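Following: one structure in structure tokens, then a few remarks.
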Number of protein chains: 2
Amino acid sequence: MQASPSSRHVRLDESLLADLPPFSKLDGLAIRNILAKATTHRFDAGVSVFEEGNAADRFYLLLDGYVRAVRITPDGDQVIALHISAGQLFGIAKALGRETYPATAITATETLVLSWPTSIWDDFSARYDGFATETYKAVGKRIGEMNNRIVEMATLHVEQRIACALLRLINQTGHKVSDGIEIDFQITRQDLSEMTGTTLHTVSRMLSAWEKSGVIKSRHKKITVCDPHQLVVLSTARV
Amino acid sequence: MQASPSSRHVRLDESLLADLPPFSKLDGLAIRNILAKATTHRFDAGVSVFEEGNAADRFYLLLDGYVRAVRITPDGDQVIALHISAGQLFGIAKALGRETYPATAITATETLVLSWPTSIWDDFSARYDGFATETYKAVGKRIGEMNNRIVEMATLHVEQRIACALLRLINQTGHKVSDGIEIDFQITRQDLSEMTGTTLHTVSRMLSAWEKSGVIKSRHKKITVCDPHQLVVLSTARV
DNA sequence: CGATGCGTTTGCGCTAGCACAATGTTTTGC
DNA sequence: GCAAAACATTGTGCTAGCGCAAACGCATCG
């Protein structure tokens with residue numbers, strides 16, 4: 001289901017962008033120019049912003065919320081490639097010479113995004129100092145993360161992979177609560193299994209065990225990590 | 001073992017670069033300038049060009065041969081992330097805002113490489129039209145490949161992953177021989193296992209079985225795929 | 001040419017994690 | 001407030017693939 005975004009209007013203030021790396025070197029005028037060309041969209045949770053394989057005609061900035069990059073195999077298995085959090089550009093296929101999106105972007109929460117037509121990418125990177133550089137830096141970070149995923153999948157057991165996935169989630173999208181660090185958005189066992197290449201059943205068993213030993217707590221669709229250090233231990237346990 | 005490259009001198013001719021995407025839009029003068037700044041190195045097979053985590057002070061162009069990008073886990077497991085073939089840039093950490101190499105580069109054959117100091121990267125991309133764009137296009141391709149690897153590892157069985165790995169190898173680095181397509185360089189079961197996240201034993205069993213059924217032939221450290229189509233079937237078999 | 005080392009094959013037992021299935025719990029929509 | 005849907009838990013077999021081990025073939029080098 002491609003989303004039909006509700007285009008509720010939002011005050012576009014230059015302070016929205018001024019602190020984000022790709023824009024941080026730009027002056028007020030440049031930022032206002034960039035904002036003037038942007039379209040704002042609001043999406044509900046669980047809808048797609050764009051679909052894998054479609055023509056990459058726009059690129060996006062996530063202003064608020066979380067988005068997942070998801071790929072679907074020929075026989076219907078979903079794989080969650082990564083999570084995108086507020087302040088990050090996504091759908092930047094053009095920056096890497098692609099004509100189509102490499103994955104489907106699905107909102108994990110209600111989100112607010114800006115978007116621009118792909119056609120002005122070249123103009124942006126030529127005109128605005130640091131825009132391209134900082135963007136490619138972000139790409140570099142994602143590549144590093146993907147690399148880590150590959151190594152994890154190749155060498156670790158399911159228990160360790162789930163531990164790694166939880167650690168990544170609380171690092172990137174966690175907030176402190178009274179009894180630990182909670183993941184910002186709702187997440188199911190199924191989601192976690194799609195991040196780690198296993199089944200929701202195995203994830204459920206694992207989390208149950210960890211809850212018994214006090215490493216995590218979980219309410220419906222919500223996970224709090226109480227003992228991150230123990231999770232690190234689990235994630236690096238010798239075979 | 002970091003390699004001490006033998007710096008045999010090679011005639012640097014502009015035709016070496018003129019056909020490679022990052023340089024294809026440049027005129028003879030520009031290419032001669034670029035070559036003038038390059039250092040040539042020859043490496044034996046099985047030595048490292050640079051090491052993961054080291055300062056990324058040079059970037060490289062593979063003129064001849066094959067190089068593997070390899071990562072090593074804390075407990076000594078190797079994972080082969082990808083293969084680089086002649087004509088490709090590698091070690092371009094700087095392009096992605098990294099200060100260190102994300103993986104170790106190990107030669108799979110005798111190789112010939114050009115290299116430049118990282119410090120002139122910005123100058124290159126600013127001065128030479130198409131250089132950055134084409135490079136990022138290559139990066140995009142690699143990202144796509146990594147993404148596929150992740151999906152494969154998450155959803156496919158060992159047999160299918162090995163089939164995928166072989167298919168990738170013959171596509172990227174294969175040449176036609178009388179009885180099929182042979183992989184250009186020597187490759188062990190151990191190498192294949194490090195590409196697919198399994199053990200050399202399982203790879204050996206698999207290849208033995210495939211050899212019996214006529215899909216492949218293998219001599220010592222050499223593999224020929226006789227029936228690529230059957231390999232495709234194996235790689236996509238329904239669970 | 002014999003010896004040493006690296007790569008390969010194959011057998012055997014075991015277990016991590018999957019498939020299948022049934023039941024329980026929380027949320028949502030009317 | 002009740003029904004339906006979505007999410008979660010837990011039990012029971014089963015098997016793909018691993019770990020361990022032994023033996024064999026091929027290359028390299030003195």
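Predicted, not measured: the structure shown is a model, and the values here were computed from it. Order of the sequence lines fixes the chain letters, A, B, ..., with proteins taken first and strands second; residue numbering starts at 1 for each chain.
Using a 4.0 Å heavy-atom criterion, one finds that A:Ser204 contacts the bases of the nucleic acid, with or without backbone contacts as well. Within 4.0 Å (heavy atoms only), A:Arg219 reaches no atom of the nucleic acid at all.
When the nucleotides D:dT9, D:dC18, D:dC7 are ranked by their closest atom to the side chain of A:Thr188, D:dC7 comes out on top. Residue B:His157 places its side chain closer to D:dA16 than to any other of C:dA21, C:dA19, D:dA16. Relative to the side chain of B:His220, the nucleotides C:dT27, C:dG17, C:dG7 differ in distance, and C:dG7 lies closest. For B:Thr199, the side-chain atoms get nearest to D:dC18 when compared with the rest of C:dC20, D:dG17, D:dC18.
The separation between A:Leu200 atom CG and C:dC20 atom P is 13 Å, rounded to whole Å. Rounded to whole angstrom, the span from the CZ atom of B:Arg205 across to the P atom of C:dG13 amounts to 13 Å. Between the P atom of D:dA16 and the CE atom of B:Met206 lies a distance of 11 Å, rounded to the nearest Å. One atom, CG of A:Asp191, and another, P of D:dC7, lie 8 Å apart when rounded to the nearest Å. The distance from atom CG of B:Leu156 to atom P of D:dA16 is 15 Å, rounded to the nearest whole Å. Distance CD1 (B:Ile223) to P (C:dT8): 8 Å, rounded to an integer number of Å. Going from atom CG of A:Leu192 over to atom P of D:dC7 covers 13 Å, rounded to whole Å. Straight-line distance from the CD atom of B:Gln190 to the C1' atom of C:dT8: 12 Å, rounded to whole Å.
Using a 4.0 Å cut-off, some side-chain N or O of A:Ser208 falls inside it from OP1 or OP2 of D:dT10. Taking 4.0 angstrom as the limit, B:Thr198 places a side-chain polar atom (N or O) nearer than this to OP1 or OP2 of D:dC18. Of the side-chain N and O atoms in B:Thr202, none sit less than 4.0 angstrom from OP1 or OP2 of D:dG17. At least one side-chain nitrogen or oxygen of A:Arg189 sits closer than 4.0 Å to the OP1 or OP2 atom of D:dT9.
Residues B:Phe59 and B:Phe90 place their aromatic rings such that the two centres sit no closer than 6.0 Å.
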*Which is it for B:Glu194 and B:Arg68 under the salt bridge (Lys or Arg N to Asp or Glu O under 4.0 Å) test, yes or no, and what are the steps along the way?*
CA-CA 11 Å; B:Glu194 288 172 4; B:Arg68 287 193 242 277; over 6 Å; no
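A donor-acceptor contact under 3.5 Å is formed by the side chain of A:His201 with the base of D:dT10.
Considering CD of B:Glu182 and CG of B:Leu169, their distance stands at 12.5 Å, rounded to 0.5 Å.
Using cut-offs of 30° and 60° for the angle between ring planes, the A:Tyr101 and A:Phe50 rings count as parallel.
Neither side chain, A:Glu211 nor A:Ser208, offers a donor N or O lying under 3.5 Å from an acceptor on the other.
Projected onto DNA chain C by closest heavy-atom contact, A:Glu159 and A:Gln186 fall at different nucleotides, the more 5' of which corresponds to A:Glu159.
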